[in-house]
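A short worksheet on the structure shown next.
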There are 2 protein chains.
Amino acid sequence: MTQDGTSTIVGIPQVTSAILRGDAYAADCPTRRLLDRIGDKWSVLILLLLGDGELRFGQLKQRIGGISQKMLSQTLRALERDGLVTRHAEATVPVTVRYRATPLGSDLRAALRLMIDWAETRMPEVQAAQRRYDARVGG
Amino acid sequence: MTQDGTSTIVGIPQVTSAILRGDAYAADCPTRRLLDRIGDKWSVLILLLLGDGELRFGQLKQRIGGISQKMLSQTLRALERDGLVTRHAEATVPVTVRYRATPLGSDLRAALRLMIDWAETRMPEVQAAQRRYDARVGG
DNA sequence: CTGTATCCAAAGGGATACTG
DNA sequence: CAGTATCCCTTTGGATACAG
């Protein structure tokens, strides 16, 4: 901890160890950037879907309601760059592209599942809390 | 599955069961909205910090590098509304406010920890993948 | 200390058109 | 089919000022 109350962490800052030490999270922490990407709206859904095996671009697009071609393409490229999915293009006419999760991506998917399961099972409690809050604020 | 290829799910759509059925995720699925909020950049960090016990507004602000007063305030209110954190204001001068995670919030925090731990331990692999990707695309 | 309100710049992301 | 490029509107979020 430096004198101004923030910590300067070299190498790969570990957010959890920063917590244990009582340090501040560096704003430019690589782990935080990665966290932003993997917690991303579309990344979560794509990884979840790719747990079932290979899927084609169009299949992903169809099954993720509301995603635009641009965002799907963009997110897939980011996932590929991070080593979370692989892309295989077959030279058919028209071209066939298949995406699948890498072992690294599958591992992340397992962690994300927990978050998704939480959201699904706890949704009623969240909605009840919202109603209570709104009633309290509104009244 | 309706004829246009999308599914209309009533009540609380379950994304995982939608996957198992091969249905599309509804774009307006409440679970997806909740997922967006809990995967949010700031929510994750706040919940992580509140696992240690109570923290004051200023302490949170100090320990989360780069968060603005506006976003901290805004995110805390959203978390409170969802029943994930509680807010206790003491009528001191100036006022003292303490936040802590609810049981529901703590439970979510456990799930988020897995995601964070993944990010921290797998970061080297992700960075290696990025270098490989950039080399392949650049070259 | 813990907020809220406002302004405004920057980023996100949809729609559309086009290509191998 | 599976993208890329562009336009442009919308949302996000920081900075600042102000208040209980």
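Note on naming: letters A, B, ... go to the chains in the order of the sequence lines (proteins, then strands), and numbering restarts at 1 for each one.
- A salt bridge links B/E125 with B/R122; the closest basic N to acidic carboxylate O contact falls under 4.0 Å.
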Report all interatomic pairs (protein N or O, nucleotide N or O of nucleotides 11-14 of chain D) with separations under 3.5 Å.
{"from": "D/dG13", "atom 1": "N7", "to": "B/K70", "atom 2": "NZ", "distance (Å)": "3.1"}
{"from": "D/dG14", "atom 1": "OP2", "to": "B/S68", "atom 2": "OG", "distance (Å)": "2.5"}
{"from": "D/dG14", "atom 1": "O6", "to": "B/K70", "atom 2": "NZ", "distance (Å)": "2.3"}

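- Residues B/I38 and B/L79 have side chains not in contact (no heavy-atom distance under 4.5 Å, counting atoms from C-beta outward).
- Shown here are the side-chain hydrogen bond (donor to acceptor under 3.5 Å, both in side chains) partners of A/Q59, two or more places apart in sequence or in another chain: there are none.
- For the pair A/W42 and A/L60, the minimum side-chain heavy-atom distance is 4.5 Å or more.
- Here the P atom of nucleotide D/dC1 and the CZ atom of A/R56 are 7 Å apart, to the nearest Å.
- Looking at heavy atoms from C-beta onward, B/M115 lies in side-chain contact with B/L112 at the 4.5 angstrom threshold.
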Donor-acceptor pairs are to be reported for all side-chain atoms of residues 89-103 of chain B against protein atoms at under 3.5 Å, with residues two or more places apart or in another chain.
{"from": "B/E90", "atom 1": "OE2", "to": "B/R98", "atom 2": "NE", "distance (Å)": "3.0"}
{"from": "B/T92", "atom 1": "OG1", "to": "B/P94", "atom 2": "O", "distance (Å)": "2.7"}
{"from": "B/T92", "atom 1": "OG1", "to": "B/T96", "atom 2": "N", "distance (Å)": "3.2"}
{"from": "B/T92", "atom 1": "OG1", "to": "B/T96", "atom 2": "OG1", "distance (Å)": "2.8"}
{"from": "B/Y99", "atom 1": "OH", "to": "B/R87", "atom 2": "NE", "distance (Å)": "3.4"}
{"from": "B/T102", "atom 1": "OG1", "to": "B/G83", "atom 2": "O", "distance (Å)": "2.7"}
{"from": "B/T102", "atom 1": "OG1", "to": "B/L84", "atom 2": "O", "distance (Å)": "3.2"}
{"from": "B/T102", "atom 1": "OG1", "to": "B/L104", "atom 2": "N", "distance (Å)": "3.3"}
{"from": "B/T102", "atom 1": "OG1", "to": "B/G105", "atom 2": "N", "distance (Å)": "3.0"}

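- On the nucleic acid side, DNA chain C has its first and last nucleotide under 4.0 Å of a heavy atom of chain A at C/dG13 to C/dG20, going 5' to 3'.
- Under the salt bridge (charged side-chain N to carboxylate O under 4.0 Å, His left out) criterion, A/D36 pairs with no residue at all, not counting sequence neighbours.
- A heavy atom lying under 4.0 Å from DNA chain C marks the following residues of residues 89-102 of chain B, by number: B/P94, B/V95, B/V97, B/Y99.
- A search for salt bridge (charged side-chain N to carboxylate O under 4.0 Å, His left out) contacts involving A/R32 returns nothing, not counting sequence neighbours.
- A/L34 contributes atom CG, which lies 9.5 Å from atom SG of A/C29 (distance to the nearest 0.5 angstrom).
- Salt bridge present: A/R136 and B/E80 bring a charged side-chain N and a carboxylate O closer than 4.0 Å.
- Remark on the helix from C/dC1-D/dG20 to C/dG20-D/dC1: inter-end axis angle 50°, axes from five-pair C1' superpositions, rounded to 10°.
- Sorted by first and then second residue, the side-chain hydrogen bond (donor to acceptor under 3.5 Å, both in side chains) pairs involving residues 64-76 of chain A (not counting sequence neighbours) form an empty list.
- Here A/R77 reaches the OP1 or OP2 of D/dT4: one of its side-chain N or O atoms lies under 4.0 Å away.
- Not a single side-chain hydrogen bond (donor to acceptor under 3.5 Å, both in side chains) links A/E54 to another residue, sequence neighbours left out.
- Scored by the side-chain contact (heavy atoms from CB on, under 4.5 Å) test, B/A110 finds no partners at all (sequence neighbours excluded).
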